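Single-structure report; data block below.
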Amino acid sequence: MIFHVPAMISSYPLAAALGRRDVANSSAVFGAILYVVLAGALLIWKAATPIALAWLMVISDAYVLLHCSVLLWPAPCRQHSQWLAGKNLS
């Protein structure tokens with residue numbers, strides 16, 4: 001839950017507001033691919049337990065959050081900085 005909620009909040013709503021749904025979609029797809037690959041590895045190594053699968057969910061959600069943070073958050077921060085620079089603060 002620590003990574004899932006922020007990942008979902010900062011992916012689709014922020015991406016839609018910025019017109020970058022491609023980023024949200026690609027992060028979700030790559031997060032799912034990461035989960036499937038790692039789950040497959042756990043099955044091959046006979047290490048798939050409920051706790052291990054839960055940790056895989058945390059890892060894949062953390063990836064989605066990182067992916068969206070790197071690609072989406074700089075844009076609103078830059079826009080806010082430009083807005084502050086253009087505003088007369090005196």
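From a predicted model like this one, the values you see are computed outputs, not experimental measurements.
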Which side-chain N or O atoms in residues 51-68 pair as donor and acceptor under 3.5 Å with protein atoms at least two apart or in another chain?
from, atom 1, to, atom 2, distance (Å)
Ser60, OG, Leu56, O, 3.2
Ser60, OG, Met57, O, 3.1
Asp61, OD2, His4, ND1, 3.1
Tyr63, OH, His67, ND1, 3.1
His67, NE2, Ser26, OG, 3.3

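Taking the ring pair (Phe, Tyr, Trp, His ring centres under 6.0 Å) definition, one finds that Trp83 meets it with His80, sequence neighbours left out. Here Ala75 pairs with Leu18, Arg78 under the side-chain contact (heavy atoms from CB on, under 4.5 Å) rule; sequence neighbours left out.
Pairs engaging residues 29-50 under the ring pair (Phe, Tyr, Trp, His ring centres under 6.0 Å) rule: none recorded [sequence neighbours left out].
When hydrophobic side chains of Ile, Leu, Val, Met, Phe, Trp and Tyr are connected at separations under 4.5 Å, Val36 ends up as a singleton with no cluster partners.
Shortest non-hydrogen contact noted between Leu71 and Arg20 is O-NH1, 4.5 Å.
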